[in-house]
Protein chains: 2
Amino acid sequence: MSSAHRRDAAATRAAILRAGVEAFTRYGFDGVGVREIAQSAGVSAMLVNRYFGSKEGLFAEVAEVSMTDRTVLGGDPATLARDIAAALVRRTSPTADDLSPFLLLLRSAANPRAAEILRENIERHVEAHVHEVAPDTRGTDRAAVVLAVIAGFWLLRKVIGSSALNGTDEKTLEATLRRLFETLIPPADG
Amino acid sequence: MSSAHRRDAAATRAAILRAGVEAFTRYGFDGVGVREIAQSAGVSAMLVNRYFGSKEGLFAEVAEVSMTDRTVLGGDPATLARDIAAALVRRTSPTADDLSPFLLLLRSAANPRAAEILRENIERHVEAHVHEVAPDTRGTDRAAVVLAVIAGFWLLRKVIGSSALNGTDEKTLEATLRRLFETLIPPADG
DNA sequence: TCCACAAGTCTACAGTCGTATACTTCGCTT
DNA sequence: AAGCGAAGTATACGACTGTAGACTTGTGGA
């Protein structure tokens, strides 16, 4: 937090939350301690517990903002393939990544409580964006399949860093994704 | 270890390795301690370090056997969709799962050293099975794409436990996978 | 039978973890 | 200007971590 306002509860809370998103996404729930998070927020460790109850409480809010802030499934279905391909190729910082909710999931899924919190958030997220990605009946399954394809590509590229898929350029990747999606999403009516 | 042989170095080592596969797959590298692993192998904690150098050393061997024992990409390309669909639907114990290498990855990817060990193993695994899943030139990318699709479906079904995809039965899942794979793998020559 | 060496265990250490309790410091209101 | 409540800090505790070192126990060969 900046030295502008020195005793601003809301700002301090926000700073801790931001530091939490960064840290949990980068190192996972078990990979980072509250002391570390508090330090990068510029406050003492105990403020985490004061504002969020516990480390777990902070994580729950982190999951919430991480899932809702980003647009993984949202957007125009027509340009979905291009958008996803661009997001996969784009080289940004790990936490500014458009797909960082996946990263948060992967890094924290080992912890049972964290996994439970994440599952609830993802369910709500898929539910909320069904109509955007597959605006027809029985669209839930199709949205889930699209999400699965995206998640799989992301897994190999960003997490495993597979050299095979990393050699693929954006145009090729987009074409592959488009072909995959076309088998799922009918071009017109239904 | 059983009480048949009481001072068998090879058997003890194997018992620890088996316990390591089970524990790391279930709880991840950071989610389980050497004491716990040793206990479920029926030995004292220090034997882990004696036989594998360190916890990290044990994990490296666990990754090795987990990746090579299972057949994720191996098998007949013609029946790949059916096999994967069956594996996804099949209800087995978490560690007896045919796709447990993915589980090992997901649970341990947060730890930088563990992730590095896993990456090397996966690279070798994809490389070794390229000819089986996509026996043509530039097959590496196609094998990786198939792996990505599998990984994505697995991620949503087994890890997140998405209610959407969990409602899908094996036949529907197989049909979806087949359609996806057919856009990648030409039915004949090339 | 005995003993050397491998197999296995016990104890302890230095570190980190989450967080509860007690404390200090600042800012706003009156 | 005073003081009260909120904002923030310091300290410490108990539990847990990986593993180094010294120890004991068992077994195969002489």
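Residue numbers begin at 1 in each chain, while the letters A, B, ... track the order of the sequences.
To the nearest 0.5 Å, atom OG1 of residue A:Thr12 and atom OH of residue A:Tyr51 are 5.0 Å apart. Atoms NZ and CG, on A:Lys55 and A:Asp30 in that order, are 6.0 Å from each other to the nearest 0.5 Å. Atom CZ in B:Arg82 sits 12.5 Å away from atom CG in B:Leu177 (nearest 0.5 Å).
Residue B:Ser44 places its side chain closer to C:dC10 than to any other of C:dA7, C:dC10, C:dT25. The side chain of A:Met46 approaches D:dT9 more closely than any other nucleotide in the set C:dT9, D:dT9, D:dT27. Comparing C:dG18, D:dT17, D:dA6 by their closest approach to the side chain of B:Arg35 singles out D:dT17. Here the side chain of A:Val34 is nearest to one of C:dG27, C:dG18, C:dA7, namely C:dG18.
For the pair B:Thr12 and C:dG8, the criterion of a side-chain N or O lying under 4.0 Å from OP1 or OP2 is met.
If you check residues 49-62 of chain B against DNA chain C, the residues with a heavy atom closer than 4.0 Å are B:Arg50, B:Tyr51, listed by number.
In this structure, A:Lys171 does not pair ionically with A:Glu174, as no charged nitrogen and carboxylate oxygen lie closer than 4.0 Å.
Contact annotation: the side chain of B:Asn111 never approaches that of B:Phe59 to less than 4.5 Å [non-hydrogen atoms, C-beta and beyond]. Looking only at side-chain heavy atoms (C-beta outward), A:Leu58 and A:Phe29 stay at 4.5 Å or farther from each other.
Protein atom CZ of B:Phe29 is 8 Å distant from nucleotide atom P of D:dG18, rounded to whole Å.
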